Amino acid sequence: MATFLYRLGRFSFRRRRLVALLWVVVLAACAFAAAKAPAAPEDGFSMPGTESQKAFDLLDQRFPGSNSNSADARIVFVAPKGQKVTAGANKAAVEKIVADVAGGDQVKGVLDPFKMAGAVSKDGTTAYSTVSYDVQSIDLTTATTDALEDAAKDGRDAGLTVELGGSALVPESELGGTTELVGVAAAAVVLLITFGSLAAAGLPLLTAIVGIGVGVASIVAVGMSTTTTTLALMLGLAVGIDYALFIVSRYRTERMEGHDAEEAVARAVGTAGSAVVFAGLTVVIALAGLAVVGIPVLTKMGFAAASTVVIAVLVAVTLLPALLGFFRKAVLPRAQRKGHGGQRAKGGRPNLGTRWAGFVIRRPLAVLVLSVLGLGLISVPALDLQLGMPGDESQPTSTTQRRAYDALADGFGPGFNGPLTVVVDAKSSDDPKAAAARAAKQLTATDGIVATTPPAFNQAGDTAVLTAVPSTGPSSADTTDLVHTIRDEARGLKSDTGATMLVTGATAVNIDVSQKVNDALLPYLALVVGLAFLLLMVVFRSLLVPLKAALGFLLSVAAAFGTIVAVFQWGWLADALGVEQTGPVMSMMPIFLIGVVFGLAMDYEVFLVTRMREAYVHGERPGQAIVTGFRHSARVVGAAAVIMIAVFAGFIGMNESMIKMMGVGLAAAVFFDAFVVRMTVVPAVLALLGHRAWWLPKWLDRVVPQVDVEGEKLHGAAPAGLRPESEPESDSKPESESESDPVRV
């Protein structure tokens, strides 16, 4: 691996103009394809095999033209204080709004609240109208949504409070914005402080921008949703900067060792680049493994984010060495630029990483115990983790969707915002109408149901639909228990009448998502941790180092979950982070966070421990190798972690609740993993293990392939036939067309 990447880095350096041009062409082509691509649909929650999905499929089959995925809107009317919505002037205003909306081109139907049972609250202050469209929300025209907004404005002008909800008003997610720019600016400051050079700070940012430009444009071109694209942007930006940071840092180290620019680039790509490739592989494994959950939207998110990580790796090992060819001296520290390179001084004052490593290996047991106890304490809130799918109740109070949700809850009860759709398949029943009536009676008698609509049959008369309104809100644990109770009671209905009763609707879908994620969690962990263990065993040629890495990850992710529960369920720092409403953690969050955090945790493990392994295989004692690894890598790993935290924290300001939660969770996880687990727990454990940390049974040593991540074959001299010719140290040296070097393994 190291030899191949050495050759690749040298080739990219020599053919830098060609490599840079190729990446510009790729970026332009992807951008063009993205610009020509149609608007991406919003992510749905299709879940093959679940009861709620079976019910949706049955509705589409038995009620042709109904299209269960079509857009809908809910117009909520609240009368002025002391008045009723049924009063003459108020009623006339509502009827005019309903008539205006009904005239829209894409409107399939509008229900008049005064002609529909249960659409006016018992106290007469609140009413609602449901608007059905014949297209999905993504296909609604601007004229249609404007007509809805105009109608609401007319109602407000008439003195009513009018708010809007439903899928027709799904807010547009922002792809990029002020908060992300703040994250990038923070990353730039950290890079500048770390390197002390504008060129060295700018190259990781430039290559990361190219990588996410290619990755995000490709995702947009194939029609993935904005949420999926935003998550890919978040990860691509973070790992893109970090991967380039490690290679630039290694290049500077090689220059300090006395190597010229070409040899330093080749060695940096051969050593740090090997770590980047394997670190990227762990992230890709974790993200691609999300496919085992069986939720299509989660699979898309995983593959989209994984693709941006792959592109970040390719950019780091090809475009970055090419750009270093243009800025070979500019990326060096000022003192070294003035001295024209030269051998690095030996000895000198130990840096912070060296001093910290020395402290840890002198007191490994105490440091280990304190670190584990601290992370355990932070993880305690995770014991109260509650899963759900927050809806309009999690929107900011400034949005009309949230105000509509609150108005309906006040006027009709909390369960009105999460009605259950019950489908009765009576095709196998001798008397479909009697079966449907029995289902309605059974639902009405169920504790927790406050209202049930009469059965509505399809044209064939073999399938009926009912709506049941719970007494509790859609994200309540009581509502989850209620859905399970109805499904249990459905068995009795089938045995008595032959009819099948299925529960669906947004609330039931969310419950099924949570259940499916929980069921897939252990298989996913086994797959991802197992594959990563094998990969790290190949990288480090050890059994205990990969095991330590996996256990450290569990500490990090537990602490991250504790942080999420404390903020989003318990409300700690909720106002400061812009969390409008506390409630359950999004169902897909645990498994997605586990995938992403595992990949990032292995990044720091690879970057830090490979330098220790490199020192160990070159003859240093275990304790000395730990100190050497920290001397070379601690500052860079710390800077990389701060950059990643800044990038993830930048997404906390977005309105999308899942993105906000991901930003908080990932920023916390990176902090705990980099600064507590990798910087503290890892050296403490390695110090306690000593030589045993690098033990591998002889029979397994013969089986495990040699990948030479630490660049042992490059130590001392370039591989035969690859000794670089000396050249001037000018950043503007013209590239000779004869300087060609084929990339060979």
Side-chain angles (χ1 to χ4, degrees), residues 1-13 19-20 22-23 26-27 30 203-219 231-251 265-289 302-324 528 531-532 535-536 538-539 595-596 598-608 610 636-637 640 643-644 647 707-711 743 745:
M1 174 64 74
T3 303
F4 168 74
L5 290 175
Y6 175 97
R7 297 176 188 271
L8 179 62
R10 184 168 181 261
F11 173 84
S12 299
F13 180 92
V19 172
L22 287 175
W23 276 108
V26 170
L27 178 60
C30 293
L203 285 185
L205 289 174
L206 177 59
T207 54
I209 290 171
V210 172
I212 61 174
V214 173
V216 170
S218 301
I219 292 169
L231 292 172
L233 169 64
M234 180 192 300
L235 283 176
L237 183 60
V239 301
I241 294 175
D242 279 6
Y243 293 167
L245 168 64
F246 282 102
I247 293 179
V248 171
S249 177
R250 188 59 183 253
Y251 168 79
V265 165
R267 285 175 174 270
V269 177
T271 53
S274 296
V276 164
V277 169
F278 279 96
L281 276 175
T282 60
V283 181
V284 169
I285 288 172
L287 293 171
F303 279 116
S307 69
T308 60
V309 174
V310 170
I311 292 170
V313 171
L314 293 175
V315 168
V317 298
T318 56
L319 178 59
L320 180 59
L323 294 178
L324 285 171
V528 171
L531 290 176
L535 185 64
L536 292 178
V538 172
V539 173
V596 175
F598 187 83
L600 298 180
M602 296 307 104
D603 271 8
Y604 296 120
E605 180 77 14
V606 170
F607 290 137
L608 188 62
T610 47
V636 178
V637 169
I643 288 170
M644 201 169 277
V647 171
V707 295
D708 190 26
V709 174
E710 63 272 2
V743 179
V745 180

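These values consider heavy atoms only, across backbone and side chains, with no hydrogens, waters or symmetry-generated copies. Source: prediction; values computed, not measured.
Contact of the V265 side chain with the L320 side chain is not registered, since no non-hydrogen atoms from C-beta on lie closer than 4.5 Å. For the pair F246/V637, a side-chain contact is recorded, criterion being any heavy-atom separation below 4.5 Å from C-beta on. Between L314 and W23 there is a side-chain heavy-atom pair separated by less than 4.5 Å. Counting heavy atoms from C-beta on, the side chains of T308 and I219 come closer than 4.5 Å.
Between A275 and T610, the shortest heavy-atom contact is CB-OG1, 4.1 Å. Nearest heavy-atom pair, I247 versus A268, reported as atom, atom and distance to 0.1 Å: O-CB, 3.8 Å. Of all non-hydrogen atoms in A304 and S307, the two that sit nearest each other are O-OG, 2.6 Å. Closest approach of G211 and V315 over heavy atoms only: CA-CG2, 4.0 Å. The two residues P204 and V248 have their closest heavy-atom pair at CG-CG2, 4.4 Å. Shortest non-hydrogen contact noted between A305 and L235 is CB-CD1, 3.6 Å.
Here R10 contributes atom CZ and L5 contributes atom CG; the two are 15.0 Å apart, rounded to the nearest 0.5 Å. Atom CG of residue L324 and atom CG of residue L319 lie 9.5 Å apart, to the nearest 0.5 angstrom. From D242, atom CG reaches atom CE of M644 across 3.5 Å, with rounding to the nearest 0.5 Å. In this structure, OH in Y6 is found 13.0 Å from OG in S274, a value given to the nearest 0.5 Å. Going from atom CD of E605 over to atom CZ of F598 covers 9.5 Å, rounded to the nearest 0.5 Å. If you take CG on L245 and CG on L203, they are separated by 11.5 Å, rounding to the nearest 0.5 Å.
Taking the six-membered ring where tryptophan is involved, the planes of Y243 and F607 are perpendicular, since the angle between them exceeds 60° and thus also 30°.
Judged by distance alone, the side chain of T282 and the main-chain N or O of A279 form a donor-acceptor pair under 3.5 Å.
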